[in-house]
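Notes to accompany the following structure.
Just so we're on the same page: letters track the sequence lines, and every chain starts at 1. These numbers were taken from a predicted model, which means no experiment stands behind them. The figures here come from the full heavy-atom set of this structure, side chains too, leaving out hydrogens, waters and symmetry mates.
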2 protein chains.
Amino acid sequence: MRADAARNREKVLSAARELFAEQGFDVPLDEIAARAGVGPGTVYRHFPTKQALFQAVTEARVRTMIESAAAPADDPGAALFAFLTRMAGEAAAKRDLTDAITLPSELLDDLHRALGGLLHRAQGAGAVRADLTTGDLVALMKGMLRSLHEGANPGVLLEIVLSGLQSSRKP
Amino acid sequence: MRADAARNREKVLSAARELFAEQGFDVPLDEIAARAGVGPGTVYRHFPTKQALFQAVTEARVRTMIESAAAPADDPGAALFAFLTRMAGEAAAKRDLTDAITLPSELLDDLHRALGGLLHRAQGAGAVRADLTTGDLVALMKGMLRSLHEGANPGVLLEIVLSGLQSSRKP
DNA sequence: GACGATACGGAACGCACGCCCCGGTTGGCA
DNA sequence: TGCCAACCGGGGCGTGCGTTCCGTATCGTC
């Protein structure tokens with residue numbers, strides 16, 4: 001690859017990182033190109049589609065998340081709670097993580113599997129109500145992340161979700 | 001108004017009710033017109049804008065919700081929980097309610113006020129954690145509704161949210 | 001320094017959608 | 001029944017966005 005091409009590729013990635021983090025997947029691609037100081041055509045020389053650029057920006061972060069979820073832990077309940085806490089913190093700071101786990105992609109299957117394992121182990125330890133399915137947990141997490149972008153207090157919201165996971169309601 | 005005009009108005013409203021309920025605000029207006037068996041121009045003769053049509057379909061339902069939230073109750077905690085339960089049930093069945101309370105509108109202020117009152121009374125009775133603000137509750141509710149549309153089990157999700165509202169996490 | 005391959009930029013295309021316009025039609029009153 | 005105002009349909013406009021095309025500029029080599 002030519003030197004200027006490599007330079008432009010980095011400029012595009014850098015601009016995409018900033019704008020996807022600020023505004024999520026919905027930023028116009030022209031805006032990314034403008035921030036990078038290149039034309040839209042140049043973006044498409046390096047990434048075949050907007051989705052591909054988005055993946056290039058988010059894939060590593062999501063994969064790190066998946067790995068941290070799959071890692072063994074001696075307190076399964078705490079591990080699940082720590083994972084959700086980390087997820088919330090990351091999503092509150094960068095809007096693109098929420099889109100990355102909401103838009104369809106192959107990575108999602110891995111994430112679901114990892115979350116399923118985390119949930120199962122936590123349920124085995126009695127730390128989380130037993131009638132929760134992986135699908136429920138994923139949906140709950142997505143809803144929580146989106147609430148964060150609407151200005152909810154992250155700490156309070158997280159506490160509510162975590163305490164709600166533990167047991168059924170008091171009579 | 002001419003008889004055929006009145007008939008068409010009803011056909012448009014009926015089609016809009018169905019499609020907004022199924023797909024939310026995002027259905028193309030042309031699709032609503034097609035389902036009603038009229039042209040797009042006819043829709044605009046009766047409703048100046050897509051938003052206006054959406055409001056015509058949802059306003060009454062939202063207003064009923066607000067009134068039920070504002071009604072006095074002898075058990076404030078149960079009243080708040082009942083309201084959220086009803087909201088979840090309604091939103092699980094009809095997608096447009098979620099959009100109606102997410103998209104900006106004047107009705108939202110009323111809803112926030114009603115929810116704020118409900119929350120305050122429940123907190124006064126000690127049924128809900130005291131550090132929760134109205135904004136937090138609204139964000140939590142929106143997140144819950146959206147989680148429902150992602151396929152979460154409504155019963156389980158609702159229980160999690162309600163039990164989470166009550167108290168902080170076990171140590 | 002010249003030349004070919006490579007990359008650039010931005011104008012242009014296709015598409016989807018909200019919204020408007022106008023020639024034709026229809027309803028209801030005289 | 002005839003007439004006109006009200007109304008209808010759908011083609012068309014403007015906009016925003018993802019994507020593509022191509023004439024031009026730039027890089028790296030001989």
>> Base contacts versus sugar-phosphate-only contacts with protein, heavy atoms under 4.0 Å: please encode nucleotides 22-30 of chain D as B, S and - from 5' to 3'.
In response: ----BSS--
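By the 6.0 Å and 45° rule, Lys50(B) stacks over the aromatic ring of Phe25(B).
Going from atom CZ of Phe47(A) over to atom P of dG18(D) covers 15 Å, rounded to whole Å. Rounded to an integer number of Å, the gap from CG of Asn8(B) to C1' of dC8(D) is 8 Å.
Contacts between residues 12-41 of chain B and DNA chain D, counted as heavy-atom distances below 4.0 Å, involve Gly37(B), Val38(B), Gly39(B), Pro40(B), Gly41(B). For DNA chain D, no neighbouring residue in residues 49-62 of chain B is found when judged by any heavy atom under 4.0 Å.
Listed by chain and residue number, nothing satisfies the side-chain hydrogen bond (donor to acceptor under 3.5 Å, both in side chains) test with Thr49(B) (two or more places apart in sequence, or in another chain). Annotation: side chain to side chain contact (heavy atoms under 4.5 Å, CB included) contacts of Glu59(A) (sequence neighbours excluded): Gln55(A), Arg63(A), Leu107(A). A search for side chain to side chain contact (heavy atoms under 4.5 Å, CB included) contacts involving Ala114(A) returns Ile66(A), Ala69(A), not counting sequence neighbours. Contacts of Asp75(B) classified as side chain to side chain contact (heavy atoms under 4.5 Å, CB included), with partners at least two apart in sequence or in another chain: Ala78(B). For Thr64(B), the side chain to side chain contact (heavy atoms under 4.5 Å, CB included) partners two or more places apart in sequence, or in a different chain, are Arg86(B).
An angle of 10°, rounded to 10°, separates the two end axes of the helix from dG1(C)-dC30(D) to dA30(C)-dT1(D), each defined over five pairs.
Note on Asp110(B) versus Arg113(B): salt bridge recorded, some NZ/NE/NH1/NH2 to OD/OE distance being below 4.0 Å.
With a cutoff of under 4.0 Å to any heavy atom of chain B, the contacted region of DNA chain C is bounded 5' to 3' by dC17(C) to dG28(C).
Applying the salt bridge (Lys or Arg N to Asp or Glu O under 4.0 Å) test to every pair with at least one member in residues 19-38 of chain B, sequence neighbours left out, gives these pairs: Glu18(B)-Arg35(B), Glu22(B)-Arg35(B). Pairs of residues two or more places apart, or lying in two chains, that qualify as side chain to side chain donor-acceptor pair (under 3.5 Å) and include a residue from residues 141-150 of chain B are Lys142(A)-Glu150(B), Arg146(A)-Glu150(B), Glu150(A)-Lys142(B), Glu150(A)-Arg146(B), Thr98(B)-His149(B).
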> Would Thr102(B) and Asp99(B) count as a side chain to side chain donor-acceptor pair (under 3.5 Å) if you check the C-alpha gap in whole Å, the side-chain angles of each, and the deciding distance to 0.1 Å?
Replying inline: CA-CA 5 Å; Thr102(B) 299; Asp99(B) 288 342; 5.3 Å; no
